[in-house]
Amino acid sequence: MKGIVLSLGLPRKKRRLPDLRSIIRTHGITLLFAALLLTGLVLGAVYSKSADKNTLRNLDFLFTTNLESRLNQGAFGTFCACFASDFLFLLSVYLLGIAAWGIPFIAALLCFKGFGTGVTAGWLCVSHGLSGAGFYLLVLLPGTFIFCAALIGFAVRAFAFSKHAFFYSLSRKTPSASLREDLLRFSSRFFSALGVTSIAALADTLLWTLFAGTFQF
């Protein structure tokens, strides 16, 4: 009884909602890059309504905009196509992250990735209706989501290293922290992101193999 009385008499701690400023301070760059990718996705979906076939063919190496040629590939060809396009984006972010001037280009690259993703989704929906939407949600979206999450996470690391390199190059004094250790750490993040990219490509290949033939285009 004493325990019950004492527990009732103690003031309860109020549950505080997460502070918006602390969230922005901690995850602001991640949220910004995600917003840029989503902005590009919306712009790509809008653009897909007026895109011509030549533009779609030119974008097919980076994005899935030529469904007929992709459906004729085998499992190995599908994996190579998915992995190659994702690898180019990942490698570009890595190279831009090394550069002291790479931050604005990293942001532009994320927006372009979202743009191409939006073009693919919009083109499938406009050209093939519900069948195209179902194909995108079931076959393309899982691998795309995995890779985009990995790309945003790695872009945050590239942003941090590029900023460090920028201030390092401007500093008149010899900085206490060397770029070599940070570069090795950043490179290890690249190989980790490359592993996630392989998983995304495998997911694409598996879903293409299992379900792509069930859709009639």
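Between the CZ atom in Arg157 and the OG atom in Ser162 there is a gap of 15.0 Å [rounded to 0.5 Å]. The CG atom of Leu32 lies 11.5 Å from the CG atom of Leu37; values are rounded to the nearest 0.5 Å. Note that the SG atom of Cys111 and the CG atom of Leu43 stand 6.0 Å from one another [nearest 0.5 Å]. For the atom pair Leu202 CG and Thr197 OG1, the distance stands at 11.0 Å (nearest 0.5 Å). Atom-to-atom distance recorded for Asp86:CG and Lys113:NZ is 5.0 Å, nearest 0.5 angstrom. Residue Leu109 holds its CG atom at 10.0 Å from CG of Leu88, rounded to the nearest 0.5 Å.
Counting heavy atoms from C-beta on, the side chains of Leu183 and Phe161 come closer than 4.5 Å. The side-chain heavy atoms of Phe190 and Leu90, taken from C-beta on, include a pair separated by under 4.5 Å. Taking 4.5 Å as the limit, every side-chain heavy atom of Leu140 sits out of range of all side-chain heavy atoms of Leu207. Phe76 is listed as a side-chain neighbour of Cys80, based on a closest heavy-atom distance under 4.5 Å. Taking the side chain as every heavy atom from C-beta outward, Val42 and Leu38 never approach each other to under 4.5 Å.
The stretch residues 116-136 participates, sequence neighbours left out, in no salt bridge (charged side-chain N to carboxylate O under 4.0 Å, His left out) pair at all. For residues 122-139, no residue pair satisfies the salt bridge (charged side-chain N to carboxylate O under 4.0 Å, His left out) rule, not counting sequence neighbours.
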Query raised in the report: Which is it for Phe33 and Val156 under the side chain to side chain contact (heavy atoms under 4.5 Å, CB included) test, yes or no, and what are the steps along the way?
Result: CA-CA 8 Å; Phe33 284 165; Val156 173; 4.0 Å; yes

Query raised in the report: After noting the C-alpha distance and the side-chain angles of Leu151 and Val93, does the key distance pass the side chain to side chain contact (heavy atoms under 4.5 Å, CB included) rule?
Result: CA-CA 8 Å; Leu151 183 65; Val93 172; 3.8 Å; yes

Query - Lys49 vs Trp123, side chain to side chain contact (heavy atoms under 4.5 Å, CB included): CA-CA, chis, key distance, verdict - result: CA-CA 7 Å; Lys49 297 179 181 179; Trp123 174 75; over 6 Å; no

Query raised in the report: Yes or no on side chain to side chain contact (heavy atoms under 4.5 Å, CB included) for Phe89 and Leu110, after CA distance, side-chain angles and deciding distance?
Result: CA-CA 9 Å; Phe89 279 100; Leu110 284 170; over 6 Å; no

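The hydrophobic clustering, which links ILVMFWY residues whose side-chain heavy atoms are closer than 4.5 Å, places Leu138 and Ile146 apart. Residues Ile152 and Val196 fall into different hydrophobic clusters, defined by Ile, Leu, Val, Met, Phe, Trp and Tyr side chains chained together at heavy-atom separations under 4.5 Å. Taken together through direct or relayed side-chain contacts under 4.5 Å among Ile, Leu, Val, Met, Phe, Trp and Tyr, Phe145 and Leu31 form parts of separate hydrophobic clusters. Linking Ile, Leu, Val, Met, Phe, Trp and Tyr residues whenever their side-chain heavy atoms come within less than 4.5 Å places Ile106 and Phe186 in a single cluster. Linking Ile, Leu, Val, Met, Phe, Trp and Tyr whenever their side-chain heavy atoms come within less than 4.5 Å leaves Trp208 and Ile199 in two separate clusters.
Using modelled atom types, no side-chain atom of Ser131 and backbone atom of His128 make a donor-acceptor pair closer than 3.5 Å. For Ser127 (side chain) and Leu124 (main-chain N/O), no donor-acceptor pair under 3.5 Å exists by modelled atom type.
The aromatic rings of Phe79 and Phe83 lie parallel to each other, with less than 30° between the two planes, well short of the 60° mark. The aromatic rings of Phe154 and Tyr94 lie parallel to each other, with less than 30° between the two planes, well short of the 60° mark.
In terms of heavy atoms, Trp101 sits closest to Phe105 at O-CD1, 3.5 Å. Scanning all heavy atoms of the two residues, the minimum distance from Gly143 to Asp204 falls at CA-OD1, 3.5 Å. Of all the heavy atoms in Leu36 and Ala107, the pair that sits closest is CD1-CB, 3.5 Å.
For Tyr136 and Thr144, the side-chain atoms include no donor-acceptor pair closer than 3.5 Å.
The environment of Leu184 atom CG is dense: over 12 non-hydrogen atoms of other residues, nucleotides or ligands sit within 6.0 angstrom.
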